[in-house]
Amino acid sequence: MDKLILIDGNNIIYRAFFAMPPLTNTAGQQTNAVYGFTTMLLRLIEEHKPSHLIVAFDAGKITFRHEGYEDYKGGRQKTPPELSEQFPLLKDLLRDLGVPQFEISGYEADDIIGSISREADAAGREVMIVSGDKDMLQLASEHTTIALVRKGVTEVELYGPQQIREKYDLTPEQIIDLKGLMGDASDNIPGVPGVGEKTALKLLHQFGSVEGVLAGTGELKGKMKEKLEEHADSAVMSKKLATIYREVPLEHAWEDMSFAGINRDTAGPALAKLEFKSLLERLSLSAYSGAAGEDTAVEAAEAAELDITIVGEDGLEALIAALPGISALHVETNGENPHRSEVIGIGLSSPEQHYYVPFALLQNPAASPLRDWLGDSNAPKSGYDLHRADLALHWQGIAFAGAANDVQLAAYLLDPTEANQNLNDLTSKYGLPRLSPDEDVFGKGAKYKIPELEILGNHVARKSATVLGIVEKQQQELQETAMTGLFVDLEMPLSRILADMEKQGIAVNKEELKELGKEFEAQIASLVSEIYEICGTEFNLNSPKQLGEILFVKLGLPVVKKTKTGYSTDAEVLEKLAPYHDVVRLILQYRTIAKLRSTYVEGLLKEISEQTGKVHTFYRQTIAATGRLSSQFPNLQNIPIRLEEGRKLRKIFVPSEPGWSILAADYSQIELRVLAHISGDERMKEAFLEDMDIHTKTAMDVFGVTAGQVDSNMRRSAKAVNFGIVYGISDYGLSQNLNIPRKEAAQFIEQYFEVFQGVRKYMDDIVQDARKQGYVTTLLERRRYLPEINAKNFNLRSFAERTAMNTPIQGTAADIIKLAMVHMDKALFERGLKSRMLLQVHDELVFEVPEDELELMKQLVPEVMAGALKLSVPLKAEVSYGSNWYEAK
DNA sequence: TGGTTCACG
DNA sequence: ACGTACGTGAACCAT
């Protein structure tokens, strides 16, 4: 079956430009629009496998349309040079991909598309038109679907005549009338002033067309009638402007559009030249990535010259002699969870020589000097993800110490939002020889296989060599961005502390956990049978799709919210439905208990170590864009606390030695204290200086009442506003949270800012700063770039603005607790205490403490936490303890 | 693999 | 008019 895809080139590259962060290749050429365009194009090709395909571009500045109306598109801003530079890149790339492109002098892309689609319609061919321009909807027909691009270029909505009818109750032809009445600011089509989409639709439903409306003004009255009569000419002309011209002369178009798939011979080098690695991988053309331009070819040659020794028993002595010169290593492990992975081997690098030591050899008695070196804190080492290496070695009985420079950690500080800063990504960033991707060397998923020694050894030794190459450049960059202190004094020491906490783990009462599991099981069984009974049918309660079918079709409950794929059935929706039907409460209860069982009971049981009987989480130090930690395998940062049913789970976390206690200390209102400090708002500072309840104080000031007059509702609202402030407030968000009209929320916010003017100034200033500098920082100079702060797209820009407000707050709070952890570790060591730090939960630290240290620790922990960083308001930490984590509340 | 839901700060 | 609160990870379903 023939299938034709027509792409509105100008429109899509425009959208891609504003939607994508400003990527540049190593030559400094911005390539983001080309990249966005290409990802979308490849997706379309993969999904739809078109037999014919073109990208249409506007040609020439003056189109025939100007003859009628010289202001046509006059309102449009000039194309930024960063975008116009990318047109030739895109056109070259399309040529090399083998994608036909049309450009006809005097016509715009939509005219070309309209004309081709007219012919295709006549021939009954399947057509899909891809554009972000709603005007295109006028081309929809039985065989022609419009794919309207949304959300930058990541999503499309498909429109045929049917969907247009559902959405607007109009025919495709009437889309032109719609435009004629409402106009279009971006194309400078005037329409009728005062008529927007709502009014235009109403008129069209009544009269059918622009002409019909103008003829029927007699039936209307008031302002609307005047407006329409006054601007009748404008409406007619606007309709003409909005009409896509469908008579562009085209010859042999069908043959010219035929598309047999990507031309793999020319696509590889072209994508490599643009440095689109992920696209090369997507097309399985990775082989080209190393052979790009001349530069990388030279570097590849250099890489081949590396002096690599694969160490055998007979080579150990030479290696051991060389150890003093070795400063970089790479510990190759398998698996994601470092507590459960095996060490495969180690790469070691000095500037002159590179070694690979298979793990079996490392365990050889003769390798003991090498093991001593690995565990020697006075032998400084650089590496990638040393924290992970430390854990993997630890469980094999090999001590690791002396981590001096973790290039993954440094890369994270230099750009915490850059996902997947794997070693190979860093090679391209720093212009080093590329490594073979791990997936090529080891295979992926079920095909994972350790390759033969020669290949493995070379690969791993190249990794340590790469580390060596990266270190120096990163040190420079850290200096330039004022983050050396953060790296050397905070993040590097912390990574060792985290490893200690993770190795220690937290003890779990397995029997009690199983008991809890049984209780949940029983509750679930009874809920499930009751629910099936009421619904009169059995179905999979865990499937939102099946549940939606039951609730909204079978029981006919009102649809509150939809998701991309169907009905939404989240807790917020179910709460709203609860009054309509008794079963909804039961479903909510089922959800709660089922979550506790599967995630917390079953999930935790699976994570209990056979060796230690404890759970050993893995903190990731390079994930959260704000500087927070995250926790995995299992996640111990989201153990239930808010609802009593779930909170009980905390009883299973117990001290690992008899007679000890669990001690927990958490910061009180750390984020708002940080905000008080960085904004310098006097009123807010006063609240903390006098150690008042901040939400009550906020309510007093915002509502202008005394402490005694603040009721629970006022305090609740004030609390929500305070949260909103921390998140980068919007009236919409607050209205959702408080379940109040948006106007009221906006009023709250305005009143808040009247009172806390320092906070308002901070919010304004930080967004300005972000615009100017392109990034925001925390108190400790942790940095986050916000490339979308200047985006044209409202959503992207708003998101960046909220992030600009939130990140310095959340990030500084993260800095502070990290500092506290470093200080606490030191205090425990210096005082020779047996107490151990076990967990961090963003604003809380959890310890296990022997009886005879309890009194001391109750003093010491909050003192150290409060003293971690001196702010203009006091920091406060509250401590509690008990025989398990539940009791420590 | 992506979407939905829900646990935490 | 636009359509969201900030930051995470895990389980489960559907494809």
Side-chain angles (χ1 to χ4, degrees), chain A residues 150-151 154-155 182 185 196-198 416-417 445 539-548 561-574 587-588 591-604 606-607 617-620 623-643 645-647 649-650 666-667 669-671 720-721 723-738 742 745 749 784 792-811 813-814 817 839-844:
Chain A
R150 293 272 153 244
K151 265 204 176 173
T154 55
E155 279 173 25
M182 63 186 272
E197 185 176 298
K198 289 263 164 66
T417 50
F539 60 100
N540 187 346
L541 258 172
N542 290 326
S543 160
K545 195 176 163 195
Q546 293 181 35
L547 178 61
K561 192 166 72 175
K562 286 203 161 191
T563 66
K564 250 184 249 175
T565 50
Y567 309 113
S568 169
T569 66
D570 65 20
E572 196 190 319
V573 169
L574 294 183
I587 294 170
L588 279 164
R591 282 257 176 92
T592 308
I593 311 289
K595 174 88 175 181
L596 294 177
R597 182 193 57 170
S598 70
T599 304
Y600 296 102
V601 178
E602 300 302 327
L604 278 175
K606 272 184 252 167
E607 294 293 344
T617 190
F618 176 54
Y619 288 106
R620 292 207 286 179
I623 292 296
T626 51
R628 277 188 174 184
L629 299 176
S630 86
S631 157
Q632 260 187 328
F633 316 133
N635 181 354
L636 292 182
Q637 291 183 318
N638 70 347
I639 302 300
I641 190 166
R642 291 172 190 169
L643 300 174
E645 297 120 290
R647 190 173 193 158
L649 273 159
R650 295 189 169 221
D666 65 305
Y667 278 112
Q669 304 295 354
I670 187 166
E671 292 190 336
V721 175
F723 265 94
I725 291 292
V726 169
Y727 293 156
I729 198 151
S730 74
D731 49 7
Y732 183 88
L734 183 65
S735 76
Q736 289 288 299
N737 191 291
L738 281 176
R742 191 156 128 185
I749 295 169
R784 178 173 181 180
K792 293 279 187 301
N793 178 303
F794 174 89
N795 282 326
L796 293 178
R797 191 179 61 245
S798 303
F799 191 15
E801 287 169 359
R802 291 195 297 272
T803 310
M805 300 185 231
N806 171 264
T807 294
I809 302 172
Q810 192 183 120
I817 194 162
L839 303 176
Q840 188 251 45
V841 194
H842 309 308
D843 66 351
E844 176 186 13

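Any value given below was found using the heavy atoms of this structure, including those in side chains, with hydrogens, waters and symmetry copies removed. Below, chain A is the first sequence line, B the second, and so on; all start at residue 1. These numbers were taken from a predicted model, which means no experiment stands behind them.
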Visitor: Can a donor-acceptor pair be found, under 3.5 Å and without considering hydrogens, that links the side chain of A/Q840 to the backbone of A/H842?
Guide: yes

Visitor: Hey, is the main chain of A/Y619 close enough, under 3.5 Å, to the side chain of A/S631 for a donor-acceptor pair?
Guide: no

Visitor: Can you pull the contact range of chain A along DNA chain B, 5' to 3', using atoms under 4.0 angstrom from its heavy atoms?
Guide: B/dG3 to B/dG9

Visitor: Say whether, by atom type as modelled, one donor and one acceptor occur between the side chain of A/Q546 and the main chain of A/L541 under 3.5 angstrom.
Guide: no

Visitor: Less than 4.5 Å apart, any side-chain heavy atom of A/Q736 and any of A/R742?
Guide: no

Visitor: For A/P634, does its backbone N or O pair with a side-chain atom of A/T617 as donor and acceptor, under 3.5 Å?
Guide: yes

Visitor: Please give, in whole Å, the distance from C/dA10 C1' to A/L636 CG?
Guide: 12 Å

Visitor: With P as the reference atom in both, quote the distance from B/dC6 to C/dC2 in angstrom, rounded to an integer.
Guide: 27 Å

Visitor: Can you confirm whether A/T626 sits close enough to A/R784 that some side-chain heavy atom of one is under 4.5 Å from a side-chain heavy atom of the other?
Guide: yes

Visitor: Taking the side chain of A/Q632 as its heavy atoms from C-beta onward, which of C/dC6, C/dT8, C/dA10 lies nearest to it?
Guide: C/dA10

Visitor: Where the side chain of A/R802 is defined as all heavy atoms beyond and including C-beta, which of C/dA5, C/dG3, C/dC12 is the nearest nucleotide?
Guide: C/dA5

Visitor: For a quick check of understanding: with a heavy-atom distance under 4.0 Å over all strands, which category does A/S630 fall into, base, sugar-phosphate or nothing?
Guide: sugar-phosphate

Visitor: Heavy atoms under 4.0 Å, any strand shown: does A/A625 hit a base, just sugar-phosphate, or nothing?
Guide: sugar-phosphate

Visitor: Could you say whether A/G603 or A/F723 is positioned toward the 5' end of DNA chain C, judged by the nucleotide with the nearest heavy atom to each?
Guide: A/F723

Visitor: From the list C/dG3, C/dC12, C/dA5, which nucleotide is the closest neighbour of the side chain of A/F794?
Guide: C/dG3

Visitor: Between C/dG7 and A/R784, is there an OP1 or OP2 to side-chain N/O distance shorter than 4.0 Å?
Guide: yes

Visitor: Just verifying a value: how many Å separate A/E607 CD and A/N635 CG, rounded to the nearest 0.5 Å?
Guide: 10.5 Å

Visitor: Counting any heavy atom closer than 4.0 Å, what does A/I809 reach on the DNA or RNA strands: base, sugar-phosphate only, or nothing?
Guide: nothing

Visitor: Closest to the A/F799 side chain: C/dC6, C/dG9, C/dT4?
Guide: C/dC6

Visitor: Which part of the nucleic acid does A/L596 contact within heavy-atom distance under 4.0 Å: base, sugar-phosphate only, or nothing?
Guide: nothing

Visitor: Using a cut-off of 4.0 Å on non-hydrogen atoms, how would the nucleic acid contact of A/V726 be classed: base, sugar-phosphate, or nothing?
Guide: nothing

Visitor: State, yes or no, whether a side-chain contact exists between A/I817 and A/Y667 at a heavy-atom distance under 4.5 Å.
Guide: yes

Visitor: Over all strands shown, is A/N540 touching base, sugar-phosphate only, or nothing at heavy-atom distances under 4.0 angstrom?
Guide: sugar-phosphate

Visitor: Heavy atoms under 4.0 Å, any strand shown: does A/T807 hit a base, just sugar-phosphate, or nothing?
Guide: nothing

Visitor: Check side-chain contact (heavy atoms from CB on, under 4.5 Å) between A/A745 and all other residues, then give those that pass, not counting sequence neighbours.
Guide: A/D731, A/L734, A/S735, A/I740

Visitor: Looking across every strand, which nucleic acid part, if any, lies under 4.0 Å from A/S798 by heavy atom: base, sugar-phosphate, or nothing?
Guide: nothing

Visitor: A/Q736 has an atom CD; how far is it from atom C1' of C/dC6, in whole Å?
Guide: 16 Å

Visitor: Below the 4.0 Å mark, does C/dA14 have OP1 or OP2 next to a side-chain nitrogen or oxygen of A/Q546?
Guide: yes

Visitor: Closest approach to the side chain of A/N635, judged atom by atom: which nucleotide of C/dA10, C/dG7, C/dG3 is it?
Guide: C/dA10

Visitor: Could you grab the distance from atom CD1 of A/I729 to atom CG of A/N806, nearest 0.5 Å is fine?
Guide: 12.0 Å

Visitor: Any sub-3.5 Å donor-acceptor pair from A/R597's side-chain atoms to A/E602's backbone N or O?
Guide: no

Visitor: Dot-bracket for DNA chain C, 5' to 3', with Watson-Crick and G-U pairs under 3.5 Å, [ ] for crossing pairs and | for other-strand pairs: what is it?
Guide: .....|||||||||.

Visitor: Under 4.0 angstrom, heavy atoms only, what part of the nucleic acid is A/G728 near: base, sugar-phosphate, or nothing?
Guide: nothing

Visitor: Report the distance from atom CD1 of A/I725 to atom P of C/dC6, rounded to the nearest whole Å.
Guide: 14 Å

Visitor: From the set C/dT4, C/dT15, C/dC6, return the single nucleotide nearest to any side-chain atom of A/T803.
Guide: C/dC6

Visitor: I want to check one thing: is the phosphate of C/dA14, taken as OP1 and OP2, less than 4.0 Å away from some side-chain N or O of A/S543?
Guide: yes

